[in-house]
Amino acid sequence: MAGLQGAVETAPVSRLHERQSFDPADFPVPGGREEEWRFTPLRRLRSLHSELGPGDGKVSVVVDAASGVSVGNLEHGDPGLGTAYVPADRVSARAFASFREATLISVPAGYESAVPTWLSVRGEGTEGAAFGHTVVDVQPNARAVVVLDHSGSATYADNVELIVGDGASLVVVSLQGWADDAVHLSHHHARLGRDARLTHTAVTLGGSVVRLAPSVRYAGPGGEAELRGLYFADAGQHLEHRLFVDHAERNCRSRVSYKGALQGSGAHAVWIGDVIIRPAATGTDTYEYNRNLVLTDGTRVDSVPNLEILTGEVAGAGHASASGRLEDQHLFYLMARGIPAGEARKLVIRGFFGELIGRLEVPELRERVTAAIEAELR
Amino acid sequence: MSTLEIRDLHASVTDAAGESREVLRGVDLAVRAGQTHAIMGPNGSGKTTLAYAIAGHPKYTVTQGSITLDGQDVLAMSVDARARAGLFLAMQYPVEVPGVSVSNFLRTAITAVRGEAPKIRTFGKELREAMEQLQMDPSFAQRNLNEGFSGGEKKRHEILQLELLNPKIAILDETDSGLDIDALRVVSAGINRFRDDQAHGVLLITHYTRILRYVQPDFVHVFVAGRIVEEGGSELAEELESSGYERFVKAGAAA
């Protein structure tokens, strides 16, 4: 891709993620200069980041569970809450303190289900803030697929805890198909047991401001995490993905693959790829990349890979970030075969996303995401 | 019967420093249906520039002269319109396009050139047969466009497109480079199938005479320093084979 964009110097990864608390008051109101907030348009967050306490916004959560998968609700104070994740910023802590009812999706040990459990989160207006909490508990040696499907209008903050037990496997696809006026700030945190496997894919196409922070921590050796994402920012959209992979156990693997396109004035994409390999995490194998396709003038991309290695014995560690326009030589080759410019452009963009779409584990989502990308190109 | 006519063609290229340099310095050439022309010349003489200028590559600016296809002004056409009008350029370095499958690309190109989408069943058969003739594995159609192709696979794929898109005039830019002898035979056979009906014209750009043993030209043009400095029949190629370009390079420099 033309025009390489270098990494921006930031503080060490270890320091960026060290503050954690369930109490929102432990986090000062961000002013916009903090490392973790400097790319986010705070003015557009409708006070999600400044006020405290529950809001009166309305978001409905409906779960359609695969057979064998149980669904329940958890009240504040339930010991099943916050076992995998402690909030790492003010909005996340506020969401943890303010949700009405948490949703628990649990898969019993050894149970294997390839049918997705569908959690639909529908916003019913942007007035007032709404908060959510979801716990997905995949017990040892179980397999499950969970789709988080966000739609409608909302001012919404939530946390998702993904607990993947020893030898278990979890596929998560999170669709941010919000209406144009939605604001959504979310943390998805996974804890992977020994030899556990997680595939997490974020598909962010809708919303005014979406800030999604998927993170992974390994609780035993041999874990594998694949974090994928695709996004398409149109005029005025701010789509931010903040990845954090914390390698603290030996022989774990992580792959982060995010691709995005931007078109229209004020389209803004942010990708932060923080990876830390702690001293105990020998034999770690990690690679992360982010590619952005800039389709028009007036867009902005901030792509910041940040890899901190604290052990001398890694199996592999690398990152790549590139943002650029469609390549003239691609378009020339296709046009030289009679394909009109507009069609050639679409072909290249479809090809750009096609690889990630093809890897979506839920077949109906492949069609849906393909159609949504087509709609963006119209 | 089609004619590609190039008259007094001058073209320049702008380098990274913003300096404009003339790379074609008055090319005159007519390629008619049923004819095969070979353009031979040393490296850097402007042969590829000529091919790109005909196809409309944005890197080159035509500053003088004309190109017409059956009287129509080619220079006024966009790159894709030139292809639809019946021009085809087999590229020396075919471009890799990630995520676009060969079969999807070919179907899209055929639809554009023929003006209607090929029927799914007949397209599958047509593609399979064309690939068989070029000794290409059927799995090739599912691969990404030129991605990870060997040199020989890329060139076979260019000739596959030539046969499927069936242009009026084909410009083949160093299609022989990077081919082993078996691949050269297969590719040459494809070019010969294309030209055998006498309804198509071929402009073969090459550095070596090797391919001319398989694809015999009616005319040979020696290209030096941005223009044609000598023309003849296939005997001219033989002379180049034995004595090289030196005599012409001196003549070209003096001109």
Side-chain angles (χ1 to χ4, degrees), chain A residues 1-4 203 228-232 257-261 289-295 320 322-360 366-367 369-370 373-374 376-377, chain B residues 51-60 77-115 117 142-147 154 157-158 160-162 164-168 170-171 173:
Chain A
M1 205 166 290
L4 279 174
V203 179
R228 307 177 197 142
L230 62 94
Y231 48 89
F232 202 122
S257 318
Y258 268 66
K259 284 183 166 187
Y289 79 77
N290 174 228
R291 299 202 193 295
N292 293 287
L293 210 42
V294 177
L295 300 176
S323 302
R325 294 183 174 271
L326 288 171
E327 294 213 28
D328 285 344
Q329 51 167 348
H330 288 165
L331 299 178
F332 176 72
Y333 188 76
L334 299 174
M335 289 172 70
R337 301 303 179 241
I339 301 169
E343 188 65 28
R345 206 167 159 267
K346 286 186 194 174
L347 212 52
V348 176
I349 298 166
R350 274 184 216 131
F352 175 76
F353 284 120
E355 178 222 341
L356 286 179
I357 294 173
R359 286 157 75 190
L360 280 171
R366 271 178 239 149
E367 283 166 39
V369 174
T370 301
I373 297 286
E374 287 301 307
E376 298 276 0
L377 297 176
Chain B
Y52 274 151
I54 297 168
H57 196 288
K59 194 176 148 195
Y60 302 95
M77 298 178 196
S78 59
V79 174
D80 51 311
R82 294 179 197 206
R84 292 196 299 274
L87 292 174
F88 178 87
L89 167 62
M91 297 193 201
Q92 186 182 357
Y93 301 111
V95 178
E96 297 182 7
V97 188
V100 178
S101 74
V102 167
S103 120
N104 183 18
F105 161 70
L106 290 174
R107 199 174 46 240
T108 309
I110 289 170
T111 302
V113 166
R114 295 185 190 164
Q142 306 316 319
R143 290 171 65 185
N144 283 344
L145 196 48
N146 293 318
E147 218 173 52
K154 282 184 181 171
H157 178 233
E158 293 293 289
L160 176 68
Q161 296 169 52
L162 169 73
L164 291 170
L165 298 176
N166 193 32
K168 292 173 179 161
I171 300 136
D173 186 13

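All heavy atoms count here, side chains included; hydrogens, waters and symmetry mates do not. Letters A, B, ... are given to chains in the order of the sequence lines, protein chains preceding strands, and every chain is numbered from 1.
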> Which bit of L106(B) is near chain A, if near means a heavy-atom gap under 4.5 Å: side chain, backbone, both or neither?
Replying inline: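 Contact with chain A is absent: no heavy atom of L106(B) under 4.5 Å.
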>> Under 4.5 Å from any heavy atom of chain A, what part of P167(B) do you find: side chain, backbone, both or neither?
In response: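 Nothing of P167(B), per the 4.5 Å heavy-atom cut-off to chain A.
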> If you count heavy-atom pairs under 4.5 Å with chain A, which of M91(B), R82(B), K59(B) comes out on top?
Replying inline: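 Max contact count across the listed options: M91(B).
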>> Let's test your reading of the structure: which of V113(B), T111(B), N104(B), T108(B) forms the most heavy-atom pairs below 4.5 Å with chain A?
In response: T108(B)
> Can you tell me if OH on Y289(A) sees more than 12 non-hydrogen neighbours from other groups inside 6.0 Å?
Replying inline: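 For Y289(A), atom OH is crowded (more than 12 foreign heavy atoms under 6.0 Å).
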>> My understanding is that only residues two or more places apart in sequence, or in another chain, count here; which of them pass side chain to side chain contact (heavy atoms under 4.5 Å, CB included) with S78(B)?
In response: D80(B), A81(B)
> So which part of A344(A) gets closer than 4.5 Å to some heavy atom of chain B, the side chain, the backbone, both or neither?
Replying inline: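 For A344(A), neither part sits under 4.5 Å from chain B.
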Identify every side-chain donor-acceptor pair in residues 328-338 of chain A under 3.5 Å, counting partners at least two apart or on other chains, and give the distances.
from    : atom 1 : to      : atom 2 : distance (Å)
Q329(A) : NE2    : E327(A) : OE1    : 3.1
H330(A) : NE2    : E96(B)  : O      : 2.8
Y333(A) : OH     : N146(B) : ND2    : 3.3
Y333(A) : OH     : E158(B) : OE2    : 2.4
Y333(A) : OH     : Q161(B) : NE2    : 3.0
R337(A) : NE     : Q161(B) : OE1    : 2.4
R337(A) : NH1    : L89(B)  : O      : 2.8
R337(A) : NH2    : L89(B)  : O      : 2.8
R337(A) : NH2    : E158(B) : OE1    : 2.7

